There are 2 protein chains.
Amino acid sequence: MALLERNERTFIFAMTQEHRTKQFIRNAARRLFAEKGYNAVAMRDIAQSIGKQPGGLYNHFASKQAILVDLMVENLERAHKAAIAPIDPDATPLQNLEAFVRGHIHHNIENPDDIFIAYMELRSLEGDGAQAVMSKRDTYESALRSILQAGHDSGAFLLTDPAIQARAILSMLGGITVWYRQTGPQSPADITECYVRAALQSVGAPYSPPTKRPNDV
Amino acid sequence: MALLERNERTFIFAMTQEHRTKQFIRNAARRLFAEKGYNAVAMRDIAQSIGKQPGGLYNHFASKQAILVDLMVENLERAHKAAIAPIDPDATPLQNLEAFVRGHIHHNIENPDDIFIAYMELRSLEGDGAQAVMSKRDTYESALRSILQAGHDSGAFLLTDPAIQARAILSMLGGITVWYRQTGPQSPADITECYVRAALQSVGAPYSPPTKRPNDV
DNA sequence: GTCTATAGAGCGATAGAC
DNA sequence: GTCTATCGCTCTATAGAC
């Protein structure tokens, strides 16, 4: 009955009991929200999956909603580091687009549950948490739009509208998480190459796959 | 209190009262499911929005789940007519891809609520209804994959994997509905051209927008 | 076919002992 | 910090009058 789940991503040591339990709650909620959807998961379910009683969860999070906001904000901060940080003002639009797309895809493949929640549960956000998350999402989308605009202005990209194109690319890449779960044979490297090519070619840019980069994920 | 909503899409005349009410339920459920999500909508909400009492809905649908399945199946049948019917075995892969993409986009823009539900509420399906819907979705995806495979084999398309590429394109086009609701300035024609170009170019195919086709939607 | 009324279950969140 | 117990609410679906 009491399933104390191991967290695959976060190594836990030298942590107070409070922090440890809070992290267990995050991990259980992440998995359950992604699997069943926020509305279909009860606080009881989260408590049961970490071998605790429902009431105790409120010692760590003020509400079920607070857990969702915590997961979404943390994920968006990691996404920024993965996709926006590599953008270089001195590089070409094509180099920046490939850097953004590779960072984004890498983050998606490494954090499938978080990405799935980010796409599916926007509607479940309420009040201040909703505004905070939306604002971070806008920043993210703006970064891609700026790259596309630069490539459009310089003639490097062939596209009709940078704003729509940014959304089209993000939608396409967002689908990775949906399909990745169901996917059998394709490796992460295969998926990455396919999507990088599709994204770059979608704006008329050329793409040649790396001949052999042995340590690519 | 009793808001008898007009349906914008389905003209209702010479219908029995039973059929009329059933259609009102469909329309109200479609709008509410798309707006709030299946799990967040109560039978009370649907009843209230058509000025009826909750219990009466069960004279027309066996369960809330049955309403969702009804909407999804009907939508998929219309999507097949829009995107798969125009495929011509004697045409080139490029012609078929453009026909499929245009039909798909047109269907998406004309049925934003249905498309949104189709993407967001797959997890809410249970039992037989889930299998029926999944099977129809697979057929749809297969049709696009076949076009891509043909273009890949003939050398007309430049892509890494037809199966992944089919999902990438469908994900990209599926995003239209998400953004379309929030969109201000762009017209359906602008959105269509931008997405047709992105989809065709994503497989390395050339694209020139139609110079002037006055009656395009 | 629609109504009123309600059964039966599950939900988020809180109170207070330890 | 975790437990037990429970409050107050909402939900889907049904029963039976009209």
Side-chain angles (χ1 to χ4, degrees), chain A residues 1-5 12 14-29 32-33 35-71 121 123-130, chain B residues 1-5 12 14-29 32-33 35-71 121 123-130:
Chain A
M1 168 133 50
L3 301 172
L4 279 171
E5 313 252 346
I12 297 175
M15 261 186 175
T16 66
Q17 179 64 28
E18 176 186 352
H19 288 157
R20 203 202 304 275
T21 301
K22 190 163 183 174
Q23 194 58 41
F24 282 144
I25 294 172
R26 279 198 191 89
N27 296 336
L32 288 168
F33 288 168
E35 182 188 338
K36 303 175 190 296
Y38 176 77
N39 266 304
V41 173
M43 292 296 266
R44 283 169 176 76
D45 301 329
I46 300 172
Q48 189 179 11
S49 91
I50 61 171
K52 295 267 160 69
Q53 293 302 315
L57 302 186
Y58 292 88
N59 290 316
H60 303 279
F61 290 95
S63 64
K64 183 182 168 189
Q65 175 78 196
I67 305 178
L68 179 63
V69 172
D70 180 287
L71 290 175
E121 304 298 351
R123 277 186 307 191
S124 303
L125 289 169
E126 305 156 9
D128 290 349
Chain B
M1 169 133 53
L3 301 172
L4 278 170
E5 314 252 344
I12 297 174
M15 262 185 173
T16 66
Q17 180 65 26
E18 177 185 351
H19 288 157
R20 202 203 306 274
T21 301
K22 190 164 184 173
Q23 193 58 40
F24 282 144
I25 294 172
R26 279 198 192 90
N27 296 335
L32 288 168
F33 289 168
E35 182 188 338
K36 302 174 190 298
Y38 175 78
N39 265 304
V41 173
M43 293 297 264
R44 281 176 180 75
D45 302 328
I46 301 173
Q48 189 179 12
S49 90
I50 60 171
K52 294 267 160 68
Q53 293 302 313
L57 302 186
Y58 293 88
N59 289 318
H60 303 280
F61 291 96
S63 64
K64 183 183 165 186
Q65 177 77 197
I67 304 178
L68 180 63
V69 172
D70 179 287
L71 289 176
E121 304 299 352
R123 279 185 307 189
S124 303
L125 289 168
E126 305 156 9
D128 290 349

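Just so you know, these numbers use all the heavy atoms, side chains as well, and skip hydrogens, waters and symmetry mates. Being a predicted model, the structure only gives us computed values, none of them experimental. Each chain gets a letter, A, B and so on, in the order the sequences are listed, and its residues count up from 1.
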In whole angstrom, what separates A:I50's CD1 from D:dC3's P?
9 Å
To the nearest angstrom, the CG-P distance between A:L32 and C:dC11 comes to 12 Å
Return yes if some donor-acceptor pair links the side-chain N/O of B:N27 with the main-chain N/O of B:F24 below 3.5 Å, else return no.
no
Compute whether any side-chain donor of one residue and acceptor of the other, for A:R26 and A:Q23, lie under 3.5 angstrom apart.
yes
Nearest whole angstrom, please: distance from the C1' of D:dC3 to the NZ of A:K52.
11 Å
Review item, nucleotides 12-14 of chain C N/O atoms under 3.5 Å of protein N/O:
unit_1 : atom_1 : unit_2 : atom_2 : d
C:dG12 : OP1    : A:V41  : O      : 3.4
C:dG12 : OP1    : A:K64  : NZ     : 2.9
C:dG12 : OP2    : A:M43  : N      : 2.8
C:dG12 : N7     : A:R44  : NH1    : 3.4
C:dA13 : OP2    : A:Y58  : OH     : 3.0
C:dA13 : OP2    : A:K64  : N      : 3.0

Has A:D70 got a side-chain atom pairing as donor or acceptor with A:A66's backbone, closer than 3.5 angstrom?
no
For B:I25 and C:dG1, give me the distance from atom CD1 to atom P, rounded to whole Å.
11 Å
Provide, to the nearest angstrom, the distance between the CG atom belonging to B:D45 and the P atom belonging to D:dT10.
11 Å
Which residues satisfy the salt bridge (Lys or Arg N to Asp or Glu O under 4.0 Å) test with B:R123, sequence neighbours excluded?
A:E121
Take the protein atom CD of B:E126 and the nucleotide atom C1' of D:dT12, then report the distance between them rounded to whole Å.
11 Å
What is the separation between atom CD1 on A:I67 and atom C1' on C:dC11, rounded to the nearest whole Å?
14 Å
Polar side-chain atom of B:Y38 near backbone of B:L125 as donor-acceptor pair, under 3.5 Å
no
dist A:I67:CD1 -> A:K22:NZ (nearest 0.5 Å) comes out at 10.0 Å
